[in-house]
Student: 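Got a structure for you, questions after.
Throughout, protein chains are lettered first and strands after them, A, B, ... in sequence-line order, and every chain is numbered starting at 1. These numbers come from a predicted model, not from an experiment.
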Amino acid sequence: MRCPLCGSDIDGNTCVTCPECGAAISGSIRLFSAIALVEDAVISFMLLSMILLVLVQIVLRNFYAAGISGGAEMVRHLLLWVAFLGAAIAAREGKHIKIDIAQRILPPRPKNFVEILTGLFTTIVCALLLYASIRFIRADYGLGTTIPFFNLRIWILELVIPLGYGAVTLRYALRSTQAFLKLVKGM
Amino acid sequence: MVTALIICFIIMTFLGAPMFAVLASFGLLGFHLSGNQSAALIVDIYGRFSENPVLYTIPIFTFAGFILAESKASVRIVNFSQAILGWLPGGLAIVSLAACAFFTTFTGASGVTIIALGGLLYPALMKGKYSDNFSLGLLTTSGSLGLLFFPSLPIIIYGVVAGTSITQLFAAGIIPGIFLLIILSLYSIFIAVRSRTEKHRTSLKEIIVTTVVAKWELFIPIILMVGIFGGYVTLGEIASIMVAYVIIVEVLIHKDIRINQFPAIIRESMVLVGAIFIILGSALALTTYLVDAEIPMKILEVIQAHITSKLAFLIALNVFLLITGSLMEIYGALVVVVPLVVPIAKEYGINPVHLGIIFLTNLEIGYSMPPVGLNLIISCIRFEKPVTKLYRSCLPFIIIMIIALLVITYFPWMSLALIEHFGIR
């Protein structure tokens, strides 16, 4: 399995703590790795469906002069899933793009402190985005809008926005807590 | 209060908070100040993503690029280029440039090129009696070479953010991209002749054999060319055709990739896509606010008080972009800077397509600029060399690329000739 905090490969059965970042492997951590599995499976499914849908449309248009109604719209909504799940996984693996000069040049203790600060900042911003996206979904849920593609309810397709921001929020909250514990313990 | 928040956001940026969070914080503040609900920001992000006809090509092209990088296509491409170009003085260096450009085009300068090709080319260059400094500099700076060739992701992102025709940008990048390759090849020949490197003896048989082996990969640029400029299919369709083709070639024909490797390849490539898109979302929402609040026009007023000529503006822009490129990932730099600069450059009468090529060339160089250009960091890890050694070895390459940049900047026809000649829209 992978450490849900730093993303490094660890043996979940024998390790009690992650050798890379010192995170404790407990029940909740196992829950996170289950979430990670689901994310990986769903993103693969969404990406491959997106590609397949485009290809099917090409064949239908050129050989049968037909098309799937709302197909193009569906493809663009599948993009939302790929993008937001990708962002959630990037948070899991600590691969979000940042200017990392400070973290490169600082010694361990101040670096840890900086990590808490930026982690906290990111958590707050993401929580606000999560709140905003929940309100956005609620509005569309109330309207009951659908897309022509099999009359899917649009709010279901949009669900990935709060899910994605939620996962990112959670992971940065965890990360800063972990950094905080490390600072307190004086590591 | 607002000033304090803005200062706090800027400090967070340089302490290393993720770019998307910084941009979103500015966006949230902007929406709040103009009296909009925060949900409007999500509406904006959602709208920009779900209505754009080209954005969905990015994950598809990236996936195709990562499959290629994971397969043994690199070996086949290098062997083929070696047979065709290896007999030249500096042949192996030119082979490296060409192969790196090919891979960067498909993987979007994410560092994959240096990781995939570095291990193959560095020992070969050392064996060919190229100096250590030259080899390191060559491979480090080549990690972003090829950004100007279609269907590179930074071009698509630029087109989306600047609202410029992507087909035009694809055509515009061809001549400047080849120009960069040629000028770096000439330098390689000069070095090779001076330091008497070994030449590769090529034979007709070798050319035929390597071409046959690499033939499926060699078709990819042709398929793309016909697809993009032929006008029969959309960009999204050509992306899906390409990924299907790459899967058939690498999984069924060459059997380099097994199906059970797919989840890992998808995860790795989609992490890059997710990291780009969440920034893009924040940046597009922020742009909505900036344009509403007429911020670019306010910046323009300040700049126009100091800079009056188009030439002086372009010089200032180049200096600014080189610094930006060395500090930020290309995608961060594109989405943050493009919306601010495009309207300003328009006032100075700069063609938006030409501006795009200037932008991308700058960022390409910025990747290898000290102190923290991304290529330097990746090379530092890949080749296990101190970063200061890399600064020194990249210097001649950076100087040459800056000269090329000046040429590209001051001769707009290099970017625009193909568009005008073929009437590409």
Student: Pick one of side chain, backbone, both or neither for A:Glu158, based on which atoms fall under 4.5 Å of a heavy atom in chain B.
Tutor: side chain

Student: Select, from B:Leu28, B:Val233, B:Val273, B:Thr234, the one with the greatest count of heavy-atom pairs under 4.5 Å involving chain A.
Tutor: B:Leu28

Student: Measure the spacing between OG of B:Ser25 and CZ of A:Phe121 and express it to the nearest 0.5 Å.
Tutor: 3.5 Å

Student: Could you give the distance from CE (A:Met50) to CD1 (B:Ile60), rounded to the nearest 0.5 Å?
Tutor: 4.0 Å

Student: Check the pair A:Leu117, B:Met12 against side-chain contact (heavy atoms from CB on, under 4.5 Å), reporting the backbone distance first and the verdict last.
Tutor: CA-CA 8 Å; A:Leu117 271 184; B:Met12 283 301 161; 4.1 Å; yes

Student: Is the count of non-hydrogen atoms from other residues, nucleotides or ligands lying under 6.0 Å from B:Lys389 atom NZ greater than 12?
Tutor: yes

Student: Would one find more than 12 heavy atoms of other residues, nucleotides or ligands at under 6.0 Å from atom CZ of B:Phe262?
Tutor: yes

Student: Identify the two heavy atoms, one from B:Ala275 and one from A:Lys95, that lie closest to each other, and give their separation to 0.1 Å.
Tutor: CB-O, 4.0 Å

Student: Could you tell me which portion of B:Val43 (side chain, backbone, both or neither) has an atom closer than 4.5 angstrom to a non-hydrogen atom of chain A?
Tutor: both

Student: Sort A:Arg138 into side chain, backbone, both or neither according to what part of it lies under 4.5 angstrom from a heavy atom of chain B.
Tutor: neither

Student: Looking at A:Phe149, I want to see if its CZ is surrounded by more than 12 non-hydrogen atoms of other residues, nucleotides or ligands under 6.0 Å.
Tutor: yes

Student: Between B:Tyr46 and A:Ser133, is a side-chain contact (heavy atoms from CB on, under 4.5 Å) present by the stated rule, with each step listed?
Tutor: CA-CA 10 Å; B:Tyr46 167 74; A:Ser133 49; over 6 Å; no

Student: What part of A:Leu48 lies closer than 4.5 angstrom to a heavy atom of chain B: side chain, backbone, both or neither?
Tutor: side chain

Student: Sort A:Ile161 into side chain, backbone, both or neither according to what part of it lies under 4.5 angstrom from a heavy atom of chain B.
Tutor: side chain

Student: Report the C-alpha distance between B:Met270 and A:Val82 in whole Å, list the side-chain angles of each, state the deciding distance to 0.1 Å, and finish with yes or no for side-chain contact (heavy atoms from CB on, under 4.5 Å).
Tutor: CA-CA 7 Å; B:Met270 291 309 114; A:Val82 171; 3.4 Å; yes

Student: Relative to chain A, which of B:Leu280, B:Ile58, B:Asn52, B:Leu41 shows the most heavy atom pairs under 4.5 Å?
Tutor: B:Asn52

Student: What's the spacing between B:Ile45 CD1 and A:Phe136 CZ if we round to 0.5 Å?
Tutor: 9.5 Å

Student: Are the ring centres of B:Phe277 and A:Phe84 closer than 6.0 Å?
Tutor: no

Student: Strictly below 4.0 Å, N to O, side chains only: are B:Glu237 and A:Arg61 in salt-bridge contact?
Tutor: yes

Student: Between A:Lys98 and B:Gly16, which heavy-atom pair has the shortest distance, and what is it?
Tutor: CD-O, 3.3 Å

Student: When rounded to the nearest 0.5 angstrom, what is the spacing between CD in A:Glu73 and OG in B:Ser50?
Tutor: 8.0 Å

Student: What pair of heavy atoms forms the shortest contact from B:Ala17 to A:Thr118, and how long is it?
Tutor: N-CG2, 3.6 Å

Student: Between B:Ser38 and A:Tyr131, is there a side-chain heavy-atom distance shorter than 4.5 Å?
Tutor: yes

Student: How about B:Phe20 and A:Thr122: do any of their side-chain heavy atoms sit closer than 4.5 Å?
Tutor: yes

Student: Passes salt bridge (charged side-chain N to carboxylate O under 4.0 Å, His left out), B:Arg267 versus A:Glu39? Steps please.
Tutor: CA-CA 9 Å; B:Arg267 191 181 60 224; A:Glu39 280 170 338; over 6 Å; no

Student: How about B:Tyr391: does its OH atom have over 12 heavy atoms from other parts shown lying under 6.0 Å from it?
Tutor: yes

Student: Any side-chain heavy atom of B:Gln37 within less than 4.5 Å of one from A:Arg135?
Tutor: yes

Student: Hey, is CZ on A:Phe45 packed in by over 12 heavy atoms from elsewhere, all under 6.0 Å?
Tutor: no

Student: Less than 4.5 Å to any heavy atom of chain B: does that hold for the side chain of A:Leu47, its backbone, both, or neither?
Tutor: side chain

Student: Go through the side-chain N and O atoms of A:His77 and B:Tyr56 and say whether any donor and acceptor fall under 3.5 Å apart.
Tutor: no

Student: Do B:Ile266 and A:Ser44 come within less than 4.5 Å of each other through their side chains, counting heavy atoms only?
Tutor: yes

Student: Where is the tightest heavy-atom contact between A:Leu55 and B:Ala244, given as atom of each residue plus distance?
Tutor: CD1-CB, 3.9 Å

Student: Is A:Ile154 close to chain B through its backbone or its side chain, or both, or neither, when contacts mean heavy atoms under 4.5 Å?
Tutor: side chain

Student: To the nearest 0.5 Å, how far apart are CD1 in B:Ile241 and CD1 in A:Ile58?
Tutor: 4.0 Å

Student: Quick one: which of A:Ile43, A:Leu80, A:Leu129 has the most heavy-atom pairs under 4.5 Å with chain B, could you say?
Tutor: A:Leu129

Student: For B:Tyr232, is it the side chain, the backbone, both, or neither that has a heavy atom closer than 4.5 Å to a heavy atom of chain A?
Tutor: backbone

Student: Does any backbone or side-chain atom of A:Ile51 lie under 4.5 Å from a heavy atom of chain B? Answer side chain, backbone, both or neither.
Tutor: both

Student: Tell me which of these, B:Ala39, B:Pro263, B:Ala264, B:Gly236, has more heavy-atom pairs under 4.5 Å with chain A than the rest.
Tutor: B:Ala39

Student: Looking at CD of A:Glu115 and CG of B:Leu15, how far apart are the two atoms once the value is rounded to the nearest 0.5 Å?
Tutor: 11.5 Å

